[in-house]
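Report on the structure given below.
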Protein chains: 2
Amino acid sequence: MVPHARGVTIDLAQVPDGRPTENSAAGPVPLRLIMKHASPPPPTAAELKVACASCNLRELCLPVGIAEADMPRLDAMIAQRRSVRRGELLFRNGDPFDAVYAVRTGFFKTRVSSHDGRDQVTGFQMAGELLGLDGISTERHSCDAVALEDSQVCVIPFEQLESLSREFAELQRHFHKIMSREIVRDHGVMLLLGSMRAEERLAAFLLNLTQRLEARGFSGTALVLRMTREEIGTYLGLKLETVSRCFSKFQEDGILQVRQRQISVLDPQALRRLVSAAAA
Amino acid sequence: MVPHARGVTIDLAQVPDGRPTENSAAGPVPLRLIMKHASPPPPTAAELKVACASCNLRELCLPVGIAEADMPRLDAMIAQRRSVRRGELLFRNGDPFDAVYAVRTGFFKTRVSSHDGRDQVTGFQMAGELLGLDGISTERHSCDAVALEDSQVCVIPFEQLESLSREFAELQRHFHKIMSREIVRDHGVMLLLGSMRAEERLAAFLLNLTQRLEARGFSGTALVLRMTREEIGTYLGLKLETVSRCFSKFQEDGILQVRQRQISVLDPQALRRLVSAAAA
DNA sequence: CGCGAGCTTGATGCCGATCAATGCATGTGG
DNA sequence: CCACATGCATTGATCGGCATCAAGCTCGCG
C-alpha cells in the first residue's frame, strides 16, 4: 500500500517522471493535488480505502444522487483500491468478472481484438468513469482494459453492488443510467465510425475529450493527450498517419496548436462546425 | 385491441401481403403460427396481454432464469402490448422515456442521426430482443426505433421493472446481463466499423443474422432480409451500391445464392473465414 | 400496363491506406 | 557526456477500396 494514502481525502496525481501534472495548464485544478514521490506505488496491493463520501469525484462517479445518510453503506462496499501501472492491464478479455471499477486517478483505454490481430479501441476512461460493464453479460470480460498512465481504481464488487441496488432505489437508478449512458455513447461512436470523414472524427474526439476534462475542472482549451496517435487512430478507425495529418491540417487552419501531445484549442467553434453531430 | 388475441399463447406472425412467412423456408417454425387476417391490427391500441409464462420467447427474452413461482408478478407488470405498423416508429429521438419494449413479433431497426442528416443504423431487433435501453440515461430516447414490418411489442414500464428487480435478484441480474450484452454487441460493431473491409462486414452481418434466426428455430441457411440494401449499408458504414456488389461477389464465389431479399447461405464456412472476428 | 421503389452494374474519382524516409524526444550504456 | 537505440510523430509519394455518378433492370402494385 502507498505510504501517503492513509486518510487522505483528495486525489493524488501520479507524476512518476516529475513533469507538471498534465491538463492543468490553465485554471485551477480542484480535483488533483500535484505531488511528487520517488517511485510509483506497487502494482498489485489492495489499498487503504478512501471514502466515497469525501471523494472529489462523487459528483461524476457512482454515488451521484445517493443520500448522505446512505453513504456509509456505499463506502463499506468499496473497500478496496487497486493500482495499475502504465502499460499494464486492469483486466483482459476472458478474465472472470466479479467487479466493476471506478477510475480514481489516471487514464485507461479499452480495446477488443479480432482473431487476426486487428484491434479496436472502444473507449478512453478518465477519473470518475466506470470500467468493466462488458463483463456482466457472460461473467467474463470481453475486452482488455489498459492503463495509459499509472492509475488507481476503486474496486466495486458486483455482487455487492447488485445487493445494495436492491436496497437503494437511487443507487439502482443511477447504475442503470450509467449503463445506458455507455450504450448511448457507443451509438455515438458508431455514427462517427460509420458516417464521418477523418477530420470530422478527430474534431468529435477532441470536443468530447475537452468536455470531459472541463467537467473535471481542467481547462477545455489546453490539454495533454495521454494516448499515442496510433491509439487515437485505432479508436477512430483511422491509421496513425491520417491522425497526424489531421492534426497538422488543424494547425495550419489555426484551429489547434499542436506540440507533440500538448494540444491547445484555439478555435473550439471550428471544431463544433466540423462535427455537427451528436457523438457523445 | 385485436380480436384474435384473447387468451392466445402462441405468437402470431404478421403476414399482411399473403406471402409465406419469411425465414421459414427450411425446417420447422416452432415460434410462429402462420395466420392470415384481412387487415393489420390498429396501430395505437393497448392490447390484451399474453402471459410471459406461456410465451414461446421466454427463453430468449426478459424472463430468462425467473422461477415459475415468480412469473405471475412479471406478467402483472407486462400488461400492455402495442402494435407498430411497417414504417412507423415505436419511439423517436427526444421522446420521454418510461418503458422498454420486448419485440414480440416483427422486426425493427434503431438509428441515430447527426445534425446534418446523415444517419447510422445502430441495430436490428427481432423477436425476444429489447428496445429502448438508450432512454434510461437521460429519461428521453436518444434514437429512433422503426418497424421494418408490422410488429408487436410488449410494453415494460421501467419504474415497475426496477421495482421488481429490487425484489427478485434473478430478474435484476438478467436485466443487467441484457444491458451488458448490448454494450458488448456495440463493441463488436465498433470493431466491424473501425477495422473491417466491405466483404468482411457483410459476412459478419450475415453470420450474426443467421445465428439469431437459428436461436429462434429458423433455418440458418435460408433467410429473407427484412431490410433494404440501403439499411444494411447504413448499419455497416457502406453505401448501398457496395452492399449490392458484395452480395453479387458472394454469389459469384458460390458462398450465397441471392434472389432479391431471399438469401441462401451455401457456404457458411466461407463466411466465417471472411470474418475471423468476434462481431457479436 | 405503366409506374416507382429497390436493386444491379459500370465508369470514374477521391479519401485515406500503404510504403518509405526523416525528425524529434527520451532513455541507456560505454 | 556523448553515441546510440528506441518509440513516437511528421511528411511525402503512390496505391487501392469504396463512394459517387449514371444507366438500366426487376418486381410488386395501383
Side-chain angles (χ1 to χ4, degrees), chain A residues 15-20 22 39-40 86-87 109 117-121 146 148-149 192-203 205 224-253 256-263 274, chain B residues 15-20 22 86-87 109 117-118 120-121 148-149 192-203 205 224-253 256-263 274:
Chain A
V15 193
D17 55 2
R19 281 179 307 159
E22 72 329 280
S39 62
R86 178 192 155 100
K109 69 172 176 185
R118 285 175 287 187
D119 57 357
Q120 174 72 24
V121 171
V146 187
L148 297 185
E149 58 183 297
L192 178 148
L193 290 171
S195 73
M196 291 183 166
R197 286 171 317 100
E199 287 182 24
E200 299 170 324
R201 295 183 196 195
L202 187 60
F205 169 72
V224 177
L225 302 174
R226 328 274 24 194
M227 69 294 279
T228 67
R229 302 288 192 261
E230 177 162 37
E231 286 164 333
I232 297 172
T234 311
Y235 179 57
L236 298 178
L238 302 170
K239 290 291 146 180
L240 69 95
E241 294 95 326
T242 304
V243 174
S244 181
R245 274 183 249 271
C246 284
F247 272 123
S248 301
K249 174 71 160 38
F250 285 169
Q251 180 154 247
E252 278 172 36
D253 296 351
L256 298 181
Q257 184 178 339
V258 182
R259 267 204 359 263
Q260 303 292 114
R261 298 199 190 174
Q262 317 209 15
I263 309 292
L274 267 169
Chain B
V15 193
D17 54 2
R19 282 179 305 159
E22 66 341 274
R86 178 190 155 100
K109 69 173 176 183
R118 285 174 287 184
Q120 174 72 24
V121 171
L148 297 185
E149 57 183 295
L192 179 148
L193 291 171
S195 73
M196 291 183 165
R197 286 170 316 98
E199 286 182 24
E200 299 171 324
R201 295 184 196 193
L202 187 61
F205 169 72
V224 177
L225 302 175
R226 325 268 39 183
M227 69 294 280
T228 66
R229 302 289 192 260
E230 177 163 36
E231 286 163 333
I232 297 172
T234 312
Y235 179 58
L236 298 178
L238 302 170
K239 291 291 147 182
L240 69 94
E241 294 95 328
T242 304
V243 174
S244 180
R245 275 183 248 270
C246 284
F247 271 124
S248 301
K249 174 70 159 38
F250 285 169
Q251 182 155 247
E252 279 173 34
D253 296 351
L256 297 181
Q257 184 176 341
V258 182
R259 269 203 356 265
Q260 303 293 112
R261 298 200 189 175
Q262 317 208 15
I263 308 292
L274 267 170

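Just so we're on the same page: letters track the sequence lines, and every chain starts at 1.
Of the inter-residue distances, the one linking E230(B) atom CD with L240(B) atom CG reads 5.5 Å to the nearest 0.5 angstrom. Atom-to-atom distance recorded for R226(B):CZ and K109(B):NZ is 14.5 Å, nearest 0.5 angstrom.
Spacing between atom NZ of K239(B) and atom P of dT8(C) amounts to 17 Å, rounded to whole angstrom units. Here dG6(C) presents its C1' atom at 14 Å from CD1 of I263(B), a figure rounded to the nearest Å. Counting to the nearest Å, the C1' atom of dA17(C) and the CE atom of M196(B) are 18 Å from each other. R86(A) places its CZ atom 11 Å from the C1' atom of dT26(C), with the value rounded to the nearest Å. Atom P of nucleotide dA17(C) and atom CG of L236(A) are separated by 11 Å, given to the nearest angstrom. Spacing between atom CD of E252(B) and atom C1' of dT9(C) amounts to 11 Å, rounded to whole angstrom units. When rounded to the nearest whole Å, the span between CZ of R261(B) and P of dC27(D) equals 14 Å. Here dG17(D) presents its P atom at 11 Å from NZ of K249(B), a figure rounded to the nearest Å.
Within 6.0 Å of CZ on R261(B) lie more than 12 heavy atoms contributed by other residues, nucleotides or ligands. Counted within 6.0 Å of CD on Q251(A), heavy atoms from surrounding residues, nucleotides or ligands total more than 12; the atom is thus considered enclosed. Annotation for E241(A): atom CD counts as buried by contact number, over 12 foreign heavy atoms lying within 6.0 Å.
For the pair A198(A) and E241(A), both in contact range of DNA chain C, the more 5′-proximal nearest nucleotide belongs to A198(A).
Here dG16(C) is the nucleotide among dC8(D), dT8(C), dG16(C) with the atom lying nearest to any side-chain atom of T242(A). Each of dT10(D), dG6(C), dC18(D) was ranked by its minimum atom distance to the side chain of T228(B); first place goes to dG6(C). The side chain of R229(B) has dC7(C) as its nearest neighbour among dT10(D), dC7(C), dA19(D). You'll find that the side chain of R245(B) is closest to dT9(C), out of dC7(C), dA9(D), dT9(C).
Contact annotation for G237(A): backbone-only contact, meaning every heavy-atom pair under 4.0 Å involves sugar-phosphate atoms and none involves a base. As judged by a 4.0 angstrom heavy-atom cut-off over every strand, L238(A) is placed among residues touching the sugar-phosphate backbone only. Using a 4.0 Å heavy-atom cutoff across all strands shown, S244(B) reaches at least one base atom of the nucleic acid.
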